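Worksheet: the structure to be examined is printed underneath.
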Amino acid sequence: MQEAMIKRAKELLADGTVNRVIGWKRGEFVYDSTPAVFGTADEIDAEFVFDDFTQANVSKYLVKESKKDGKILAFLKPCDTYSFNQLVKEHRIIRENVYVIGIPGGPKLDIEKIKAKGITGILNVKNVNYTLEIETLYGTEKLPFYEAISGKCADCKSKKHVVYDELIGEDGDVLDSNRFDMVEKLENMTAQERYDFWRGELSKCIRCNACRNVCPACTCENCVFDNPKSGIENKAAADSFEENMFHIIRAFHVAGRCTDCGECSRVCPQHIPLHLLNRKFIKDINSLYGEYQAGADTTSKSPLTDYRADDCEPSIVHERGVE
Amino acid sequence: MQVNENFEPVIVAFCCNWCSYAGADLSGTNRLNYPANVKIIRVPCSCRVNPIFILRAFQRGADGVIICGCHPGDCHYTSGNYFTRRRITLLYSMLDFLGIERNRTRLEWVSAAEGAKFADTMNKFVEDVKKLGKNRRLEDLRCRKQ
Ligand code: SF4
Ligand code: SF4
Ligand code: SF4
Ligand code: FES
């Protein structure tokens with residue numbers, strides 16, 4: 001796949017279709033890959049990577065990149081195309097300035113899951129027929145591929161690209177995923193249990209803001225959480241209230257626009273399951289206002305900028321009963 | 001749960017200027033009683049209520065928050081309250097998901113002519129919140145310091 005992508009990128013640069021390419025380059029370790037913009041074929045040859053660890057969604061970078069001169073080539077996985085579409089819909093990306101090549105999605109690997117098996121000193125990870133051969137400072141270890149796949153890929157909702165100019169590889173289908181199972185499990189707990197669960201999770205938050213910074217739905221020029229008058233712009237939370245506030249408001253601001261791309265949970269250094277908050281909103285929206293997938297198209301009205309005269313009343317919440 | 005009979009909850013009521021704020025006024029002129037611990041905050045339309053306002057009210061010591069707006073179809077700005085309805089339903093459902101007691105949040109449509117409904121709604125809400133006791137799950141200790 002990497003070779004095919006590099007070949008196509010160089011062709012499109014050479015024939016002048018694009019003047020830049022956004023993809024990924026290697027960081028310090030083999031399992032670190034980070035989004036990068038390449039301007040020349042030489043840069044691509046030197047640094048471009050695409051492997052089982054490249055999972056960052058590059059859509060958000062296109063908010064800035066698509067406003068520069070000339071067209072940029074972007075490689076988008078199926079999940080990334082939803083974010084891209086949503087940003088086009090919100091007039092954040094200039095569609096004409098991006099040449100989209102759809103590439104196959106994961107499942108991608110999560111290095112933390114490999115490390116969690118007690119494997120250290122990792123030098124290289126090879127996927128040999130879905131068995132990982134992990135070369136370490138201390139010898140070679142083996143691990144079934146599926147024990148190390150990233151959380152967001154495990155709950156993949158779609159292998160279908162919703163937008164592209166061309167595809168490399170085959171397009172897939174929208175999947176029947178179990179992504180709401182954990183939300184449902186929490187809904188069935190008592191209020192006290194849910195409260196305890198979330199206290200345990202949210203109290204780990206160090207307010208690094210990575211979840212907001214990575215989120216393709218969080219593209220506000222001035223974010224509420226950067227307002228020094230807000231009292232919630234600080235780093236680690238001074239009280240549990242701040243943590244609740246940050247998480248409720250962050251998830252609320254992206255409700256109806258969150259494509260469930262999974263980036264927020266992926267980047268959280270504290271492994272807080274932020275996707276459960278986003279998915280709670282998605283699940284409620286689906287059941288109360290009709291099935292809706294943000295980013296599936298660029299024309300439909302988002303559920304929070306729309307209404308029906310016969311929508312349900314907020315009283316449905318307290319009518320669930322008092323515990 | 002232990003119920004403290006003497007506990008008087010602090011209630012914050014966001015009232016739309018065009019309907020329930022006038023409804024509150026009417027209930028006053030008609031000498032209908034509603035508890036003094038209901039603090040009314042006037043807003044130009046129910047859809048002016050940013051979710052942050054609701055959380056802030058809890059942070060600063062509210063034990064219950066209620067939003068009152070014009071009946072669906074009667075919003076002074078035509079459709080504001082329809083948006084309120086969706087947003088607030090989702091927000092309250094999220095608070096429930098986080099384990100915040102369901103009875104601490106409420107939304108009611110009260111017109112300018114419904115002074116009696118206003119008083120009733122408030123009395124009932126205060127009773128419900130009283131049973132829950134002090135808001136601890138969304139409190140901010142920094143605001144509790146005396
Ligand atoms: S990425 Fe995680 S730790 Fe950082 S602010 Fe978000 S939830 Fe908190
Ligand atoms: S909230 Fe998370 S899952 Fe949703 S769009 Fe943002 S990063 Fe993606
Ligand atoms: S948290 Fe809210 S204000 Fe901040 S960037 Fe995201 S959507 Fe915008
Ligand atoms: S003006 Fe009363 S709810 Fe909009």
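Predicted model, so just to flag it, every value in this text is computed and none were measured. To find a chain, count down the sequence lines: A is the first, B the second, and so on, and within it residues start at 1.
Considering CZ of A:R194 and CZ of B:R137, their distance stands at 9.5 Å, rounded to 0.5 Å. Note that the CG atom of A:L288 and the CG atom of B:L90 stand 6.5 Å from one another [nearest 0.5 Å]. Considering CZ of A:F252 and CG of B:N50, their distance stands at 8.0 Å, rounded to 0.5 Å. Atom OH of A:Y195 and atom CG of B:L95 lie 12.0 Å apart (nearest 0.5 Å). If you take CG on B:L55 and CD on A:E242, they are separated by 12.5 Å, rounding to the nearest 0.5 Å.
Remark: B:R86 qualifies as a cation-pi partner of A:Y289 under the 6.0 Å distance and 45° angle criteria applied to the six-membered ring.
Contact annotation for B:L107: only side-chain heavy atoms (C-beta onward) come within less than 4.5 Å of a heavy atom of chain A. Contact of B:E139 with chain A is made through the backbone alone, with heavy-atom distances under 4.5 Å. Heavy atoms of B:R106 lying under 4.5 Å from chain A belong exclusively to its side chain. With a threshold of 4.5 angstrom between heavy atoms, A:I316 approaches chain B through side-chain atoms but not through N, CA, C or O. Looking at A:D306, both its backbone and its side chain come within 4.5 Å of chain B, counting heavy atoms on both sides. Proximity to chain B (any heavy atom under 4.5 Å) is shown, for A:R199, by neither the backbone nor the side chain. Using a 4.5 Å cut-off between heavy atoms, B:P72 touches chain A through its side chain atoms alone.
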A:D311/B:Y82 under side chain to side chain contact (heavy atoms under 4.5 Å, CB included): CA gap, chis, key distance, verdict = CA-CA 8 Å; A:D311 278 338; B:Y82 286 125; 5.8 Å; no
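With a 4.5 Å cut-off on side-chain heavy atoms, A:H318 and B:T105 do not count as touching. Taking 4.5 Å as the limit, some side-chain heavy atom of B:I52 sits within range of a side-chain heavy atom of A:M245.
Across all non-hydrogen atoms, the minimal contact from A:V183 to B:F97 is O-CE1, 3.7 Å. Listed here is the closest heavy atom pair of B:Y92 and A:P314: CD1-CB, 4.2 Å. Smallest separation of non-hydrogen atoms from A:F241 and B:L138: CD1-O, 3.4 Å. Contact record, B:S93 with A:V317: N-CG2, 3.7 Å, taken as the closest heavy-atom pair.
Taking B:Q59, B:R85, B:M94 one by one and counting their heavy-atom pairs under 4.5 Å with chain A, the maximum is reached by B:R85.
Between A:Y307 and B:F83, the ring planes are perpendicular. Angles over 60° get that label, and only those under 30° would be called parallel.
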